[in-house]
Participant: 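Pasting a structure below so you can have a look.
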Amino acid sequence: MGNTHASGDNYINHEKGLWSWLTTIDHKRIGLMYMIVILFFFLCGGIAAMLIRLELFASGPLFDGNTYNQILTYHGAIMVFMVIVPGIPAILGNFFLPIHIGAKDVAFPKLNLASWYVFMAGAILAISTLFTTKIDTGWTFYTPYSIKTGTAVVTMVMAAFIMGMSSILTGLNFIVTVHKLRAPGMTMGRIPLFVWAVYSTAILQVLATPVLGITLLLLAMERTLGVGIFDPARGGDPVLFQHFFWFYSHPAVYIMILPAMGIVSEIIAAFSRKTIFGYTAIAYSSLGIAAVSFFVWGHHMFVSGQSEIAGIVFSFLTMLVGVPTAIKMFNWLATMYRGSISFESPMLFAMGFLFLFAIGGVTGIMLATVGLDVHFHDTYFVVAHFHYVMVGGTLMALTGGLYYWFPKMFGKMFNEFWARISFVLIFIGFNVTFFPQFVLGAMGMPRRYADYVPAYESLNKISSIGAWTIGVGFLVALYVIIEGLMSKRIAPANPWGAKTLEWQVQSPPTHHNFEVEPVVTAGPYEYR
Amino acid sequence: MSTVNQTAKGEHHYAHHFRDAMHEFLTSKEGIWVFMVTEILMFGGLFVGYFIFHALYPETFHEGASHLAWKMGALNTVVLIASSWTMALSIHYIQRGLNSKATMCLIITILCGFIFMIVKYFEYTSKIQHGLLPGKFFHYHEAVSQQLPLYFGFYFCMTGLHGIHVVLGMSLIGWVLYRHLKGEFNPHYFTAVEGVGIFWHIVDLIWIFLFPLLYLVG
Amino acid sequence: MGQNANHGHEEHHIIPFSILRNVCLALLVLTILTVFTAKFIHLGVLATPVAFLIAFVKAMLVMAYFMGLKYEGNGNRIIFGTGFFFLAVLAFFCVLDIWTRLPVQDIFS
Amino acid sequence: MNWFLALMNTVAVNTASAAGKSFMPPVGTEIASDVDNLYSFLLWTSFLGCVILIGGMIFFAVKYKRRTDNDKTPYISHNMALEFLWSFIPLVLFLVVFAWGWKVYHDMRVMPENAFEIHVQAKQWQWDFMYKSGKVSTNDFFVPVGIPVKLVMASEDVLHSFYIPSMRIKQDVVPGRYTTLWFKADKTGDYQIFCTEYCGAAHSAMLAKMHVVPAPDFEKWLQENEEGLTLAQKGEKLYNSKGCIACHSTDGSVKVGPSWKGLWGSTGHTMANGKSVTVDENYIRESILNPNADIVKGFSAGLMPAQQGLLTEDQLTALIEYIKTLK
């Protein structure tokens, strides 16, 4: 394995000045650049979430319907396209995927930088709609409402298209990197599970995003030329739009969750000081989830007017995707069995992930059950379910991952006490927010409602209070990161005693990651 | 910026994170192929829509096809096939070190692209004159089928997106030609030509399907 | 995947001129054939499948020789094939839905 | 399969009464009980699943807490038998759930013969119910108890979705085609109807009430006409039936449009273009017939459809009389 040289030179001080960052092709620096902008967009999306909960705190209107719809659209669009989809792959994937496989960089470093600029272009275009007519379609852009509404749909759709291109280029880079740049001895059976997860995600990004691209282009054409493919007034079919949209957007939820599962695999092995149980099963279940995710999108459309047969087929296939997910859950548990478990904040977040993802998973099975989903579809039950997966899963893992790798990325230690406080606030706040929403959904409260009938009021009040607790929790997490950056607590090369390659090099890593090309002779979790 | 390794001969150069020039070549080529997958899926979405609406409104698509100038379409097919051939030949000549022949091939490829776009221009202007336009701009008065605007929606979206790719491809070939004239390519290093070539063949490949589906069977 | 080492000393394969020329000629002949079958023979319902079949053969020729997939390793063939496979998935399920919806006459009792 | 489903049903019915149904709205039809049984089965198995996963995690976390920094952990890479079990058992369970869900869904989707057919027309933001007798009712949906009712639904503008929580049924209403739904109400009473497909500014106000009434009362309602009402009462009916209710409140709260409470006679009503008007008959008339000519400050143009040609003079008068009563 690679040697640790405690030289003063690292990727952060290798070159100096803003310009050296804006023109960098170092994957680690690009990862940090993504981190800065994605955390900023997360703040924007979070503010929208707080406003939504403010409106729903009490029955009766606070904002008018249009304003509320715009807030909810920005919350969805920002969180999906600008935070959760790029989040883990672009920040942690960029930073650690090459190091994990013993490479000096990704396959196409300049393309990697270009992806960042493309992403920024799309993101700025998306934000620019805030200063024009805004947008009120929901992040799903369902036709024909998105064709008829008088808001900046074309701009937003083009922004999503451009960010999609960035996503494709990142995915392409990772696929080729994993195929071609592994260090000698680093076989596919020895790459860390985080790499397997990001690799599966990359495949999804490359295969699914182009279809979103053409769908959004057609929607833009629909508004400018009235092409008619998705417009019933011109002989088109709005349900076909939903098919095209979910062909991307269902795999996209795995784009969001698979990398989170990768982080959890790393953290659980490291903090249990034990080799991962069922490496092969976890690795192939990532690929399996990725593949099967293309066959199940119709479960978003059980009551959309698609045929009964299609609904049943999609329900069946969706059940199949539950199996690899269950496999992962059991494998993580088995890894903890007879381990030597310590509870630093990354592990707390990983365990929080297991807790919340278990609930998100079982409610997913309820929603996949076609007869039951008829009642739950488009109610708060769905809202609660996907927040359990997207926030309870992805964001918990992202926060845990940032803590886990913080010493490696910056060479400093964060404040463990406040990190634990952030976990407690986020975890408790999360359950207080979203568990009542399951009940609201079962009671029949529809989603995307600016106002609700008084019967739903008390649970909504609880939910809003929980949401503000999460908000405080994430602000504390932000404080932990900033305080850690300013602090003088120097991190050792391997503070957690983990075994993967990134911990064998100095913190922070040098410009070229490895002084000598590492030669790999064993698997990634050799805790013997 | 990236450090570029220079070997003793000074002709193989490759970025620092690759083992050798061949490693870089194969890696780049795989990147191109992955990118081509995204092209297939993007155009594929349009084709899926085309098939569905063709099956729903067969008369519309038949009527629509009868308005297209199939002879021009056929001419463009021949032009693109020829250009694909010259593109493949340019790589063949660079690999054999026949640089001036390769230059000729690249120039002919770009010219074919121009011919294609000129023919397209005449086709488009004739459609526009007759009011055979997509959706809300459609104002052709002798339309039999009610969904004819939808057909022309498909026609303009599919050929339009393809046309954008032709222009993109021509610019890329222009860039490759410029580098070639500067003498950057040799039998051991021609990655950019190979990649742009694969892109250009994809453009040809898509037209091979567009032509019969839009112009002939309808 | 998995071909990460030891391709150091391979040489680039040069596709012979004659093969490229013959493929080009074949493509032109097939273009004439597709025009001929569509415009001068009345195939009726078979028209679309025949045109599509000819286009498919042409596409295979372009992919194999011009794009050089015939001379590539399996890796890139699998990558490119994956694209077509998932396109087929998209088409299959969209068609499955639309073709199994209730016809309008069955909606009204 | 059937005997198995029957068994599962018995299990579920027994557990359901305990806690499972607690969150679901009151049951209004037979299928709703089937849905609830499936739901309680899933709720209990899910609960069990979570206990195994989360409980196992907490148990391991406590039991295998790090003792010293030099703890040795065993090297266990995999165990085929275990891995097979925890793949296979969930798979079987998922397939059972799938089959059960399929059966319930199938019962929902198979339209009974000779059901009573009602047309539902959705538009931004109201529900019109059209009966074969020619009667049209807006946002008030009368159905007879105990008789299967089939809805044939269409939309005039964008997607909507017709949802009656108590019947556990929901179906998108798609412009350009018809979608269908059926149910048989078992109990008389009033039930909430929601629109559950996002449809714009007043999506959350696109509500309707279903009134399940005994068959004779239903027949009477079908024949009933509007004689014997005061002008203002007629106006109030129009307020509901023409969809004014979606955007204009009568209690002073601000929705998509200005509230009607205290509107009548108010002076100094400020317009977007800065001018100020007094609310009288002519102003209201103009605002209804040609709403975009003058927009009240703070509201958006283009949202209210012009009613020119859609309201008779009688109806206009009735509406104005109704507004006069809203002090």
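Atoms considered below: every heavy atom in the structure, side chains included; atoms not considered: hydrogens, waters and symmetry mates.
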Participant: Using every non-hydrogen atom in the two residues, find where A:D237 and B:F53 come nearest and quote the distance to one decimal.
Facilitator: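 Result for this residue pair: N-CZ, 3.9 Å.
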Participant: Salt bridge (charged side-chain N to carboxylate O under 4.0 Å, His left out): which pairs involve residues 238-252 of chain A, sequence neighbours left out?
Facilitator: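 Not a single pair qualifies under salt bridge (charged side-chain N to carboxylate O under 4.0 Å, His left out).
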Participant: Sort B:S28 into side chain, backbone, both or neither according to what part of it lies under 4.5 angstrom from a heavy atom of chain A.
Facilitator: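 Both the backbone and the side chain of B:S28 come within 4.5 Å of chain A.
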Participant: Can you tell me how far CZ of B:R19 sits from CG of A:L181, rounded to the nearest 0.5 angstrom?
Facilitator: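 Spacing of CG (A:L181) from CZ (B:R19) equals 7.5 Å.
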Participant: Measuring heavy-atom distances to chain A, does B:F35 have an atom under 4.5 Å in its side chain, in its backbone, in both, or in neither?
Facilitator: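 Contact with chain A is through both the backbone and side chain of B:F35.
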Participant: Given a strict heavy-atom distance threshold of 4.5 Å, which part of A:L225 is in contact with chain B: side chain, backbone, both, or neither?
Facilitator: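 The answer is both parts of A:L225.
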Participant: Using non-hydrogen atoms and a 4.5 Å limit, figure out which bit of B:I52 sits close to chain A: side chain, backbone, both or neither.
Facilitator: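 Only the side chain of B:I52 comes within 4.5 Å of chain A.
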Participant: Taking atom CZ of A:F247 and atom CG of B:L41, what is their separation to the nearest 0.5 Å?
Facilitator: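 Going from the CZ atom of A:F247 to the CG atom of B:L41 covers 6.0 Å.
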Participant: Can you establish whether the number of heavy atoms outside B:Q146 located under 6.0 Å from its atom CD is more than 12?
Facilitator: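 Incorrect, the count does not exceed 12.
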Participant: Is it the case that more than 12 heavy atoms not belonging to B:H130 sit under 6.0 Å from its NE2 atom?
Facilitator: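 12 or below, so no.
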Participant: Quick one: OG1 on B:T27 to NE2 on A:H179, what's the gap to the nearest 0.5 Å?
Facilitator: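 The OG1 atom of B:T27 sits 11.0 Å away from the NE2 atom of A:H179.
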Participant: Under a 4.5 Å cutoff for heavy-atom pairs, which residue among A:L212, A:V211, A:V206, A:D105 has the most contacts with chain B?
Facilitator: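 The answer is A:V206.
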Participant: Go through the atoms of A:L218 and report whether side chain, backbone, both or neither lie under 4.5 Å from a heavy atom of chain B.
Facilitator: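 The side chain, not the backbone.
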Participant: Do other residues, nucleotides or ligands put more than 12 heavy atoms under 6.0 Å from B:Y178 OH?
Facilitator: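 No, because the 6.0 Å sphere around OH of B:Y178 holds 12 heavy atoms or fewer from other groups.
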Participant: Please look at B:L161 and chain A and tell me whether the side chain, the backbone, both or neither of the residue comes under 4.5 angstrom of a heavy atom of that chain.
Facilitator: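 The side chain, not the backbone.
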Participant: Looking only at heavy atoms, what is the nearest atom pair of B:E30 and A:V176, with distance?
Facilitator: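 Distance-wise, the nearest heavy atoms are OE2-CA, 3.7 Å.
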Participant: Could you check whether any side-chain heavy atom of A:P210 comes within less than 4.5 Å of a side-chain heavy atom of B:F43, counting everything from C-beta outward?
Facilitator: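 Heavy-atom side-chain distance check fails, nothing below 4.5 Å.
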Participant: Taking side chain as everything from C-beta outward and backbone as N, CA, C, O, which of these in A:L217 sits under 4.5 Å from a heavy atom of chain B? Side chain, backbone, both or neither.
Facilitator: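 Answer is side chain: those atoms of A:L217 sit under 4.5 Å from chain B.
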Participant: Which residues pass the side-chain hydrogen bond (donor to acceptor under 3.5 Å, both in side chains) test with B:S83, not counting sequence neighbours?
Facilitator: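 B:S83 satisfies side-chain hydrogen bond (donor to acceptor under 3.5 Å, both in side chains) with B:W200 once adjacent residues are dropped.
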Participant: Can you list the residues of residues 226-234 of chain A that sit under 4.5 Å from chain B, counting heavy atoms only?
Facilitator: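 Counting heavy atoms that sit under 4.5 Å from chain B, the residues of residues 226-234 of chain A involved are A:G226, A:V227, A:G228, A:I229, A:R234.
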Participant: Over all heavy atoms of both residues, which pair between B:G45 and A:I214 is shortest? Give the atoms and the distance, please.
Facilitator: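 Distance-wise, the nearest heavy atoms are CA-CG2, 4.1 Å.
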Participant: Give a yes or no on whether the backbone of B:E24 and the side-chain of A:K180 come within a donor-acceptor separation of less than 3.5 Å.
Facilitator: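 No, because the side chain of A:K180 does not come within donor-acceptor range (under 3.5 Å) of the backbone of B:E24.
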Participant: For B:F122, look at atom CZ and say whether over 12 heavy atoms of other residues, nucleotides or ligands are found less than 6.0 Å away.
Facilitator: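 For B:F122, atom CZ is not crowded (no more than 12 foreign heavy atoms under 6.0 Å).
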Participant: Using only atom types and a distance under 3.5 Å, with no angle test, would you say the side chain of B:H17 pairs donor to acceptor with the backbone of A:A107?
Facilitator: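 It does hold such a pair.
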Participant: Do you know which two heavy atoms are closest between A:G235 and B:L150, and how far apart they sit?
Facilitator: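 What the structure gives for the nearest pair is O-CD2, 4.2 Å.
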Participant: I'd like a table of donor-acceptor pairs (distance under 3.5 Å, sequence neighbours excluded) in which one partner is a side-chain atom from residues 239-246 of chain A, with atom names and distances.
Facilitator:
{"unit_1": "A:H243", "atom_1": "ND1", "unit_2": "A:W297", "atom_2": "NE1", "d": "3.0"}
{"unit_1": "A:H243", "atom_1": "NE2", "unit_2": "C:D97", "atom_2": "OD2", "d": "2.6"}
{"unit_1": "A:W246", "atom_1": "NE1", "unit_2": "A:Y142", "atom_2": "OH", "d": "2.8"}

Participant: Of the backbone (N, CA, C, O) and the side chain (C-beta and beyond), which part of B:Y57 lies under 4.5 Å from a heavy atom of chain A, both, or neither?
Facilitator: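 For B:Y57, side-chain heavy atoms alone lie under 4.5 Å from chain A.
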